[in-house]
2 protein chains.
Amino acid sequence: MLTTQLSDARPAPLSLATPSPSGAAWQRQAKLWSSLKEVCDLLRIPAKLGTDDFQFQHMQFKAGQRIHTIGQPFDMLYVVNSGFLKTVMIDELGNEQVLGFPMKGDMFGIDGIHRKQYATETVALSNCDVILIPFKVFAGLGRSHPELEASIYAVMSRELVREQAMVGTLGSLSAEARVARFLVFLSERFSEMGYSGTQFNLRMTRQEIGNYLGLTLETVSRTFSAFNTIGLISVDQRAIVVHDLQSLRTLRRLPPSRVRAKAEAKAKPAAAAA
Amino acid sequence: MLTTQLSDARPAPLSLATPSPSGAAWQRQAKLWSSLKEVCDLLRIPAKLGTDDFQFQHMQFKAGQRIHTIGQPFDMLYVVNSGFLKTVMIDELGNEQVLGFPMKGDMFGIDGIHRKQYATETVALSNCDVILIPFKVFAGLGRSHPELEASIYAVMSRELVREQAMVGTLGSLSAEARVARFLVFLSERFSEMGYSGTQFNLRMTRQEIGNYLGLTLETVSRTFSAFNTIGLISVDQRAIVVHDLQSLRTLRRLPPSRVRAKAEAKAKPAAAAA
DNA sequence: CGAGTACTTGATGGTAGTCAAAATCAGTGG
DNA sequence: CCACTGATTTTGACTACCATCAAGTACTCG
């Protein structure tokens, strides 16, 4: 109901041999292989430079394509090199639950290790470039590169902490605070990736945001509008401009509407001037 | 405000040598050491029997004691051998968020790997027996016991999947459905541990349950009462008897109160007969 | 037995969900 | 290029669920 045209896409027969640029470009001038060092940098973990023995294959996905699906046998972890995705769980009644929006530097697919099949599915929200990490290789890195061992566990721990923070958000914050946090999160991620942290386009629908935050799409839309009228952000469809990141950071609950009327009166001329 | 008397407790000087029963019993006849095989069994992961080279120290905690605290330097993972605990996160305003109730066979402390300090704190809800796994030893097991490598990652993946399921629960279910799920979860865990799955005592307060489920303690109490009157369970303070596990499993939302009046009329004689 | 904590139950209000309709956007094919 | 279709977004009106406040009861433990 949500998604338009989904299509599966499995990697071409995977050879772990050295890069073979002759191997028929899957898509024009996309980077096809990355070294271990490059993957570590992407994941923001320290890597001893020099000994580049492993090469990891890239794969391109178009918006709407699935990277992996629920129940599919697990054999691969993924690292986002570029693009935006969403990871969803589907419950017994077929309801989707968005669990995250992997972007550059994020690893996904970790949930598949437990039962040797993926518990979630991940879909590209834009054209994406994803690095494939065969799990056997990943696990073996701890043996072949002992200095990486701790970092490997750290990457998995990071995902756990992320989910824990999400539970905290869902369990205790108001709708407005959740949306505010979401914007702060996006702002920070975009900054880290070298883009503007104050001006960006959402890659996901209100529906997906709401689902992720445990809200309805209407509530998300209304909250964006409210933030807009009090001057915290400007929003036009998917285009966001963040005016007051600090207020978003500390926002717990919007003042009640009669009080808000004053704030609007103050905010409007300011917005008009800008 | 929630907790009564908390006290820190650090392990006695930790020696990784062979068990020394002469080393002055920390508490009378508690098991002080476990082999690698025993720990694997506890964690429900396959372990090649035989070569028992590692021994892991146990530690006893009394109800109310903290096993680890937020910000404390991370060096240890924990596996519950017996007893009940809670893991909580504390946000910038000092609000607690209960993240889980570790019990027999659960590993906790994993969140500490990421930043080399614990992101959560874990408190004993009852007297507990906990196995200490020094992280360095844990991580090294992948090297020394390659057949364990996948299982080690699987244990971490399992925790991630658990949190993901929690996000799904918080994000999409009604109060009644959350409480129902919680009871099903407890029932299943008690069964697995060899206790009755239909008759057990809660080890946590309504406050803690509510916090865990993103509800208030009053809502939890009311929901228990509602389940009681329609005959799904019997509840008396902390004592629970599950009468209809299947209904709890599939419950999404309680029927509106006028319909419920009929169900009560039907349920009451049955409850009186029992 | 008394003090403090935990639990139950009731009354009330606010937050966010639901239903609905209109406006805007994206993509398609004529 | 533009009309057309379907998806997305906005906004409004209404409602239900659950939080809040409050009071009373039942446990627990020193």
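Not one side-chain nitrogen or oxygen of A/S174 sits closer than 4.0 Å to the OP1 or OP2 atom of C/dT15. Phosphate proximity of D/dC18 to B/T219: absent, as no side-chain N or O sits under 4.0 Å from OP1 or OP2.
If you measure from atom CD of A/Q207 to atom P of D/dG6, you get 19 Å, rounded to the nearest angstrom. Separating the CG atom of A/N228 from the P atom of D/dT10 is a distance of 9 Å, rounded to the nearest angstrom. Here the C1' atom of nucleotide C/dG17 and the CD atom of B/E176 are 15 Å apart, to the nearest Å. Distance, A/R203 CZ to C/dC25 C1': 17 Å, rounded to whole Å. Between A/L202 atom CG and C/dT24 atom C1' the separation is 16 Å, expressed in whole Å. Taking atom CG on A/L217 and atom C1' on C/dT18, their separation rounds to 11 Å, with Å as the unit. Straight-line distance from the CZ atom of A/F224 to the C1' atom of D/dT9: 11 Å, rounded to whole Å. Atom C1' of nucleotide C/dT18 and atom CG of A/L215 are separated by 14 Å, given to the nearest angstrom.
When the nucleotides D/dT8, C/dC7, D/dG12 are ranked by their closest atom to the side chain of A/R238, D/dT8 comes out on top. When distances are taken from the side chain of A/V235 to each of C/dT9, D/dT10, C/dA16, the shortest belongs to D/dT10. Of the listed nucleotides (C/dA6, D/dT11, D/dC18), C/dA6 has the atom at the smallest distance from the side chain of B/T205. Among the nucleotides C/dC25, D/dT11, D/dT20, the one closest to any side-chain atom of B/E218 is D/dT20. Ranking C/dG17, D/dT10, C/dT8 by closeness to the A/T216 side chain, first place goes to C/dG17.
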Steps toward side chain to side chain contact (heavy atoms under 4.5 Å, CB included) verdict (B/Q65, B/V123): CA-CA 6 Å; B/Q65 285 186 314; B/V123 182; over 6 Å; no
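Minimum interatomic distance between B/E208 and B/K86 (heavy atoms only, all atoms of both residues): OE2-NZ, 3.0 Å. Scanning all heavy atoms of the two residues, the minimum distance from B/S234 to B/N228 falls at CA-OD1, 3.7 Å.
Using a 4.0 Å heavy-atom distance criterion, A/G210 is classed as making no nucleic acid contact.
Taking 3.5 Å as the limit, the base of C/dT24 and the side chain of A/R206 contain no donor-acceptor pair of atoms between them.
For A/D111 and A/T120, the side-chain atoms include at least one donor-acceptor pair closer than 3.5 Å.
For the pair B/R222 and B/M204, both in contact range of DNA chain C, the more 5′-proximal nearest nucleotide belongs to B/M204.
Residues B/Y212 and B/L170 form no side-chain contact, since every pair of their non-hydrogen atoms from C-beta on lies 4.5 Å or further apart.
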